[in-house]
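Every chain is numbered from 1 and lettered A, B, ... according to where its sequence line falls, protein lines coming before strand lines.
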There are 2 protein chains.
Amino acid sequence: MAKKAKKETDLSTEEKIKAAARLVFTKKGYAATRTRDIAEAAGINLALLNYYFRSKEKLFELIMMEKAASLFGTIIPILNDTTLSLEQKITEVSQKYTAFLLENPGLPLFIMSEVGMNPNQFVNKLPIGKALESHFIKQLQERRPDLHPVSFMMNLLGLTVFPFIIKPVLMTAGAFNEKAFSTRIEERIALIPKWMNAMLKSK
Amino acid sequence: MAKKAKKETDLSTEEKIKAAARLVFTKKGYAATRTRDIAEAAGINLALLNYYFRSKEKLFELIMMEKAASLFGTIIPILNDTTLSLEQKITEVSQKYTAFLLENPGLPLFIMSEVGMNPNQFVNKLPIGKALESHFIKQLQERRPDLHPVSFMMNLLGLTVFPFIIKPVLMTAGAFNEKAFSTRIEERIALIPKWMNAMLKSK
DNA sequence: GTCTATAACCTGATAGAC
DNA sequence: GTCTATCAGGTTATAGAC
């Protein structure tokens with residue numbers, strides 16, 4: 001019960017601003033986002049944003065860290081679950097991660113590009129070490145000592161995430177609409193484990 | 001000989017600005033780039049930028065289209081080369097595309113994120129249709145009528161491009177340095193065709 | 001806590017001298 | 001073609017009333 005007692009009827013002003021910030025930042029990126037956009041989307045006044053979060057940058061860092069934590073929090077527990085076999089981990093990651101991406105389609109691109117523009121701002125605070133020293137990595141090294149485990153993990157993540165990264169390009173080009181994209185993604189949930197297993201066995 | 005006759009001793013002012021713009025836009029993105037940054041990087045005055053290119057947006061569109069054209073120009077000719085088998089195309093694409101990416105490491109992330117933020121600005125001018133109706137797609141449909149060819153093409157591109165997309169994250173996190181990254185990429189040039197063949201055969 | 005008004009600053013673009 | 005100086009507009013952040 002560490003939370004402050006508060007009426008739970010509606011979103012607090014603070015939460016309304018955060019929700020709006022998530023939306024606008026993710027859509028337009030840090031630099032192109034104006035604090036006025038966030039205030040308007042939140043239905044509050046510009047001054048309140050600074051009252052609650054001090055500055056645009058502070059608010060961005062908060063949103064960024066929350067988003068990144070949820071992104072990594074989705075897969076790292078699976079990678080470190082010692083009760084799962086290598087094949088089970090691959091299946092679990094592609095399933096859970098895809099489910100997460102369907103609800104946050106623009107997130108990977110957002111995080112990657114913001115990190116790329118301003119590297120050691122956030123990255124050092126992320127639990128990436130946990131992924132690189134995970135049980136999944138150890139299982140890979142045992143199974144295929146001839147391959148670099150990080151390279152293999154990039155394959156799994158790449159197959160899962162990449163469709164969401166080129167989605168804007170392919171959709172604008174008319175390659176598919178929202179419905180067809182969902183169908184492809186649903187197919188891939190079953191296919192990615194098969195593909196990964198085929199890679200695991202390939203010599 | 002359509003080019004204008006001109007002294008070829010040094011870069012023209014126009015080219016110096018374009019070179020600087022490529023650098024700064026690719027690194028910081030459109031919104032975070034200030035025309036002053038470009039002018040400074042080019043070693044010229046701010047006013048000259050507008051003299052040659054009228055506006056920041058016009059200059060950006062120019063750079064963007066050139067970059068995108070080179071990106072797509074690298075793979076589309078291979079995809080449409082009717083003398084190559086499916087396996088040969090896969091090998092060629094991963095080789096040529098990787099070589100291109102090694103010289104333009106930040107390019108995919110840049111293009112994807114700028115497109116994502118401002119969709120139908122550039123995408124319609126890109127030769128994406130050429131890739132989607134390519135000979136490569138037809139070969140895939142013949143070989144594996146049970147799979148969606150675009151989904152399969154995303155696998156090839158994802159395996160090739162994704163390491164460059166997460167490179168900033170993994171490098172900042174200390175997963176590897178520039179040299180180790182190059183080693184991984186070199187390995188993958190030989191591995192990606194094997195992995196893709198394994199996927200092609202997997203049932 | 002929430003608002004309006006405004007300060008302080010930054011950025012793209014141009015005018016005009018050379 | 002190239003420069004300096006400056007304008008016009010927009011943006012973050014704060015002061016101060018309620």
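Counting heavy atoms from C-beta outward, B/Met112 and A/Met112 have side chains that stay 4.5 Å or more apart.
Contacts of residues 55-65 of chain A with DNA chain C (heavy atom under 4.0 Å): none.
Between the CD1 atom of B/Ile17 and the P atom of C/dA13 there is a distance of 13 Å, given to the nearest Å. One can place CD of B/Glu40 at 16 Å from C1' of C/dG12, the figure rounded to the nearest angstrom. Following rounding to the nearest Å, B/Arg34 (CZ) and D/dT11 (C1') show an atom-to-atom distance of 14 Å. Between the CZ atom of A/Phe53 and the P atom of D/dA13 there is a distance of 13 Å, rounded to whole Å. Straight-line distance from the CG atom of B/Asn50 to the P atom of D/dA5: 18 Å, rounded to whole Å.
When the options B/Met196, B/Met199, B/Lys194 are evaluated for a side chain to side chain contact (heavy atoms under 4.5 Å, CB included) with A/Met199, the one that passes is B/Met199.
A/Arg188 meets the side-chain hydrogen bond (donor to acceptor under 3.5 Å, both in side chains) test with B/Ser151, B/Asn155; sequence neighbours excluded. Qualifying side-chain hydrogen bond (donor to acceptor under 3.5 Å, both in side chains) partners for A/Lys28, counting only residues two or more places apart in sequence or in other chains: A/Asp37. By the side-chain hydrogen bond (donor to acceptor under 3.5 Å, both in side chains) test, A/Gln141 pairs with no residue at all, sequence neighbours left out. B/Glu40 meets the side-chain hydrogen bond (donor to acceptor under 3.5 Å, both in side chains) test with no other residue; sequence neighbours excluded. Residues passing the ring-ring contact (aromatic ring centres under 6.0 Å, His included) test with A/Phe152: none are found, sequence neighbours excluded. With sequence neighbours left out, A/Glu87 forms a salt bridge (charged side-chain N to carboxylate O under 4.0 Å, His left out) with A/Arg143. Scored by the ring-ring contact (aromatic ring centres under 6.0 Å, His included) test, A/Phe25 finds A/Phe60 as partners (sequence neighbours excluded).
Considering only side-chain N and O atoms, B/Thr35 lies under 4.0 angstrom from the phosphate OP1 or OP2 of C/dG12.
Each end of the helix from C/dG1-D/dC18 to C/dC18-D/dG1 yields a helix axis from five base pairs, and these two axes differ in direction by 10° (to the nearest 10 degrees).
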Below 3.5 Å between N/O atoms, which protein atoms pair up with nucleotides 2-9 of chain C? Just atom names and distances, please.
| residue | atom | partner | partner atom | Å |
| --- | --- | --- | --- | --- |
| C/dT2 | OP1 | A/Thr13 | OG1 | 2.9 |
| C/dT2 | OP2 | A/Thr13 | OG1 | 3.2 |
| C/dT2 | OP2 | A/Tyr52 | OH | 2.6 |
| C/dC3 | OP2 | A/Asn45 | N | 3.3 |
| C/dT4 | OP2 | A/Asn45 | ND2 | 2.9 |

Side-chain donor-acceptor contacts of residues 68-83 of chain A below 3.5 Å, not counting sequence neighbours, with atom names and distances?
| residue | atom | partner | partner atom | Å |
| --- | --- | --- | --- | --- |
| A/Ser70 | OG | A/Lys67 | O | 2.7 |
| A/Thr74 | OG1 | A/Ser70 | O | 2.7 |
| A/Asn80 | OD1 | A/His135 | N | 3.1 |
| A/Asp81 | OD1 | A/Thr83 | N | 2.9 |
| A/Asp81 | OD1 | A/Thr83 | OG1 | 2.6 |

Can you give me every donor-acceptor pair (side chain of residues 96-106 of chain B, partner residue at least two apart or in another chain, under 3.5 Å) with its distance?
| residue | atom | partner | partner atom | Å |
| --- | --- | --- | --- | --- |
| B/Lys96 | NZ | B/Glu92 | OE1 | 2.7 |
| B/Thr98 | OG1 | B/Ser94 | O | 2.5 |
| B/Asn104 | ND2 | B/Phe100 | O | 3.0 |

